[in-house]
4 protein chains.
Amino acid sequence: MTQSAAAPRRLTARGEERRAQLLELATTRFARDGYHSTSVSDIVNGLGVGKGVFYWYFDSKEQLFLEILKSAQRDLRRSQQRAIDGVDEPVRRIALGVRAGVLWTAEHAELRRLVDFARTEASFAPAVRAGQRALAQDAVAHLEEAMAAGAIPAGDARALAFGLLGVTTTMTDALVEEGRHDPETVADLVVSFCLGGIGAASAG
Amino acid sequence: MTQSAAAPRRLTARGEERRAQLLELATTRFARDGYHSTSVSDIVNGLGVGKGVFYWYFDSKEQLFLEILKSAQRDLRRSQQRAIDGVDEPVRRIALGVRAGVLWTAEHAELRRLVDFARTEASFAPAVRAGQRALAQDAVAHLEEAMAAGAIPAGDARALAFGLLGVTTTMTDALVEEGRHDPETVADLVVSFCLGGIGAASAG
Amino acid sequence: MTQSAAAPRRLTARGEERRAQLLELATTRFARDGYHSTSVSDIVNGLGVGKGVFYWYFDSKEQLFLEILKSAQRDLRRSQQRAIDGVDEPVRRIALGVRAGVLWTAEHAELRRLVDFARTEASFAPAVRAGQRALAQDAVAHLEEAMAAGAIPAGDARALAFGLLGVTTTMTDALVEEGRHDPETVADLVVSFCLGGIGAASAG
Amino acid sequence: MTQSAAAPRRLTARGEERRAQLLELATTRFARDGYHSTSVSDIVNGLGVGKGVFYWYFDSKEQLFLEILKSAQRDLRRSQQRAIDGVDEPVRRIALGVRAGVLWTAEHAELRRLVDFARTEASFAPAVRAGQRALAQDAVAHLEEAMAAGAIPAGDARALAFGLLGVTTTMTDALVEEGRHDPETVADLVVSFCLGGIGAASAG
DNA sequence: AATGAATGAGGATTCATTCAT
DNA sequence: TATGAATGAATCCTCATTCAT
């Protein structure tokens with residue numbers, strides 16, 4: 001009756017395009033109006049297509065959201081990995097990772113909004129947590145390496161990792177939203193805050 | 001027909017109690033299931049009362065939520081102000097304020113969830129931002145005083161303030177949720193991270 | 001969120017009446033147009049009430065159907081039990097039970113239609129089978145008693161019971177539908193067919 | 001645009017095969033999940049072909065169902081005619097016809113299910129009735145011949161015919177479904193029940 | 001103050017059918 | 001012959017809110 005979740009439909013070029021359009025418009029709308037306030041009708045109407053189109057490409061509104069969510073998390077993580085690729089020194093990797101995080105967040109404020117929302121719904125929260133854990137895990141690796149090398153004081157790497165995540169997103173959100181700082185300046189601020197933080201906190 | 005918002009109904013003692021029950025149950029449910037997934041029916045059924053009761057005490061579901069939201073923000077702010085009351089040194093005020101923030105957040109994880117959600121809905125976002133600004137403003141005062149006194153390097157106080165907010169909430173959320181640290185330990189960590197952060201970042 | 005199935009709503013007199021109206025109209029329409037071809041809208045429109053009314057009284061269209069189904073089966077069974085109450089001789093009980101079955105079926109042709117349909121949907125089939133088994137079980141008791149008393153030849157009582165059920169419903173349906181025979185005449189025919197059948201078949 | 005119903009498309013060998021596949025899969029699914037719960041998509045997906053294929057071979061889902069229905073009824077009738085071919089004695093023809101009916105029903109439980117359903121939908125009911133009448137008509141001929149020959153007591157042949165139909169299908173359904181009897185045994189039971197029935201009932 | 005009942009717009013989803021390629 | 005894409009009416013159901021009692 002229902003399609004098996006395991007077999008994503010094979011799409012033509014035109015199909016891929018439609019799918020991408022839907023994905024993009026949905027992301028925009030979800031971020032602007034909220035998930036619940038954006039109806040499937042809003043999305044298809046915004047594209048000027050029939051309602052069935054939505055369900056040709058996605059199993060449900062929920063699944064679509066999950067897909068956006070996961071791809072956002074994946075994208076952020078990738079851009080951080082790209083930023084630190086080939087860098088040897090762990091503290092520099094941390095700094096570059098944080099910077100990449102700030103820039104990504106600044107550029108994708110809408111996606112940040114989505115993640116915030118997702119955290120508050122029972123059906124999406126697990127996915128958010130999984131993503132956060134993955135991000136934290138990356139940072140933990142660098143932090144532990146830095147501690148082992150004596151570059152920063154020993155301490156609870158996992159706790160620090162979550163600290164990094166927090167400063168990055170919240171500071172970025174707040175500052176960029178205010179419009180008084182350009183992303184690069186924000187990045188500088190956040191990076192030094194973070195380095196100061198891990199330097200001091202580990203001691204605690 | 002409808003009551004003017006300015007003139008809240010005068011309630012008997014019993015009435016106050018009912019109102020408080022509704023407020024409490026709604027908070028719990030909103031936090032557990034999400035705002036949209038919690039219906040007015042859920043709330044009144046959970047209390048075993050008729051549907052009319054809800055509308056006797058509140059104008060609408062939205063107004064109720066707003067009330068919860070504002071009172072949560074007010075409560076956090078108050079507990080921070082209480083914590084620093086009478087403390088002269090600005091850096092200590094910052095430390096105590098952050099600590100109070102951590103403890104409050106740890107104790108009211110549900111309310112944190114509500115604020116996260118509120119930020120993502122057009123109708124609630126302004127209220128959230130207002131609350132955040134008020135909180136940041138408090139911190140800005142201490143930071144500027146500390147800068148003036150030379151206790152910390154000069155810098156963008158407002159930016160730092162948002163940094164403090166971010167570390168506090170995110171680190172607390174993540175660490176308390178994990179259940180590996182008790183709130184006091186988390187507070188120690190967060191405070192030293194913050195102090196390290198403002199020490200280093202302002203320099204930038 | 002959803003109401004617990006275990007707690008049927010307490011209804012006022014007016015409420016009971018509404019519920020009964022819905023039940024009756026739904027039965028009629030399901031029988032006349034088929035379950036799938038009758039929409040919830042059809043039902044509430046037929047009563048001139050809003051759509052929510054339906055869901056105030058029933059959890060779903062499916063549950064409503066199930067309720068009709070079970071009450072129909074219960075009703076038939078009761079009318080058979082009433083018919084044989086106090087009769088000592090097992091063969092007479094069989095005859096009277098069959099007769100009662102014919103008369104009930106003749107009078108409730110619509111419900112018969114519903115049972116036929118229910119048998120063809122995965123979600124309803126189990127309920128139908130359960131009802132049929134109960135009916136058959138009643139007959140089995142009389143048949144075995146009759147066999148023990150030597151009133152009819154020994155044989156597979158359960159098989160015969162289903163035979164009785166089959167003749168009763170199908171013959172009645174076909175004959176009453178044709179309109180050439182009144183129910184009493186049909187009952188005579190069916191009863192003697194059945195008695196002849198169990199007399200002969202058991203021997204096999 | 002649409003084909004005239006009278007001129008079925010001329011198909012290639014490959015075409016015939018496709019059509020047969022569709023017919024078979026549809027039958028299986030309709031019987032297993034119900035007519036309404038089986039979508040055209042289900043059918044074409046089950047065959048791994050595109051949606052257009054369905055409408056190349058059939059005008060509509062309804063027409064397809066009707067075709068299955070009629071061919072089922074035709075098939076049963078034929079197998080009964082084959083069974084009695086060349087038999088002179090009318091009572092033996094009846095017995096053999098009933099037996100053939102039992103065996104066919106046992107072997108095609110799915111089709112039986114379809115007929116049951118069809119009876120409950122306004123759009124299919126006439127077809128079902130027509131088929132039943134044809135079947136009954138066959139039996140009536142034998143019954144009247146038997147009565148004329150004095151082999152069974154005179155009576156309402158048409159009524160008896162419907163009785164035969166009823167016992168056959170219902171007893172078979174119930175017994176075969178239970179799995180306690182093989183079709184041949186069931187056939188013996190049903191045949192003697194029927195003969196007993198017509199012997200006794202006609203007298204009434 | 002409180003209740004059960006009612007409203008009805010709105011939401012997600014399904015599905016028979018059509019069509020361009 | 002066949003495909004993937006598209007249509008859009010129709011379906012079941014939810015829910016904030018109102019109202020008579």
Side-chain angles (χ1 to χ4, degrees), chain A residues 1-2 9-15 17-19 36-44 47-62 64, chain B residues 1-2 9 11-12 14-15 18 36-44 48-62 64, chain C residues 1-2 9-15 17-19 36-44 48-62, chain D residues 1-2 9 11-12 14-15 18 36-44 48-62 64:
Chain A
M1 328 208 112
T2 330
R9 213 186 284 285
R10 200 69 65 84
L11 297 175
T12 65
R14 185 187 175 204
E17 202 178 331
R18 252 297 127 82
R19 193 171 196 282
H36 287 287
S37 309
T38 301
S39 70
V40 173
S41 289
D42 288 339
I43 298 172
V44 294
L47 243 79
V49 299
K51 206 171 300 190
V53 169
F54 184 94
Y55 292 93
W56 178 257
Y57 294 103
F58 304 98
D59 283 347
S60 66
K61 190 185 168 189
E62 190 172 333
L64 160 68
Chain B
M1 301 267 127
T2 328
R9 206 192 288 285
L11 297 173
T12 66
R14 187 183 167 211
R18 256 292 131 85
H36 287 287
S37 307
T38 300
S39 67
V40 172
S41 288
D42 289 336
I43 297 170
V44 294
V49 300
K51 195 103 55 118
V53 170
F54 184 94
Y55 289 93
W56 180 258
Y57 293 104
F58 303 99
D59 283 348
S60 68
K61 189 187 172 189
E62 192 172 330
L64 160 70
Chain C
M1 328 211 113
T2 329
R9 211 187 285 286
R10 201 67 66 83
L11 298 175
T12 64
R14 187 188 174 200
E17 202 179 330
R18 251 297 125 84
R19 194 170 195 281
H36 287 287
S37 308
T38 301
S39 70
V40 172
S41 289
D42 289 338
I43 297 171
V44 293
V49 298
K51 206 173 300 191
V53 168
F54 184 94
Y55 292 94
W56 179 258
Y57 294 101
F58 304 98
D59 283 346
S60 65
K61 189 186 167 187
E62 190 172 333
Chain D
M1 299 264 129
T2 328
R9 207 190 288 287
L11 298 172
T12 66
R14 186 186 170 208
R18 255 293 126 88
H36 288 286
S37 307
T38 301
S39 67
V40 172
S41 289
D42 289 334
I43 297 169
V44 294
V49 300
K51 197 104 56 122
V53 169
F54 184 93
Y55 290 92
W56 180 258
Y57 293 104
F58 303 98
D59 284 345
S60 69
K61 190 188 171 189
E62 192 172 331
L64 160 69

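All values reported here derive from a predicted model rather than from experimental measurement. Numbered from 1 within each chain, the chains take letters A, B, ... in sequence-line order.
Residues passing the side chain to side chain donor-acceptor pair (under 3.5 Å) test with S60(A): none are found, sequence neighbours excluded. Every side chain to side chain donor-acceptor pair (under 3.5 Å) that K51(D) has, sequence neighbours left out, goes to S41(D). Checked against ring-ring contact (aromatic ring centres under 6.0 Å, His included), F58(A) has the following partners two or more places apart in sequence or in another chain: F54(A). Under the salt bridge (Lys or Arg N to Asp or Glu O under 4.0 Å) criterion, R18(C) pairs with no residue at all, not counting sequence neighbours. Looking at residues two or more places apart in sequence or on another chain, you find no side chain to side chain donor-acceptor pair (under 3.5 Å) involving T12(A).
At dT14(E), none of the side-chain N or O atoms of Y55(A) fall inside 4.0 Å of OP1 or OP2 (strictly under the cut-off).
Between H36(C) and H36(D), the closest heavy-atom pair is CD2-CD2, 3.1 Å.
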>> How would you summarise protein contacts on nucleotides 3-10 of chain E per nucleotide, using B for base, S for sugar-phosphate only and - for none, with heavy-atom distances below 4.0 Å?
In response: BBBBBB-B
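Residue S37(A) is classed as having no contact, given no heavy-atom separation below 4.0 Å to the nucleic acid.
Rounded to an integer number of Å, the gap from CZ of F58(C) to P of dT11(F) is 20 Å. Taking atom NZ of K61(D) as the reference point, atom C1' of dT17(E) lies 12 Å away to the nearest angstrom. Spacing between atom NE2 of H36(C) and atom P of dA10(F) amounts to 18 Å, rounded to whole angstrom units. Spacing between atom CZ of F54(D) and atom P of dC15(E) amounts to 14 Å, rounded to whole angstrom units.
Paired regions of DNA chain F, where each region holds three or more successive Watson-Crick or G-U pairs whose two hydrogen-bonding distances fall under 3.5 Å, are E:2-21 with F:2-21.
Side chains of Y55(B) and V40(B) form a contact here, defined as non-hydrogen atoms less than 4.5 Å apart.
Within the model, atoms CG of D59(B) and CD of E62(B) stand 11.0 Å from one another, a figure rounded to the nearest 0.5 Å.
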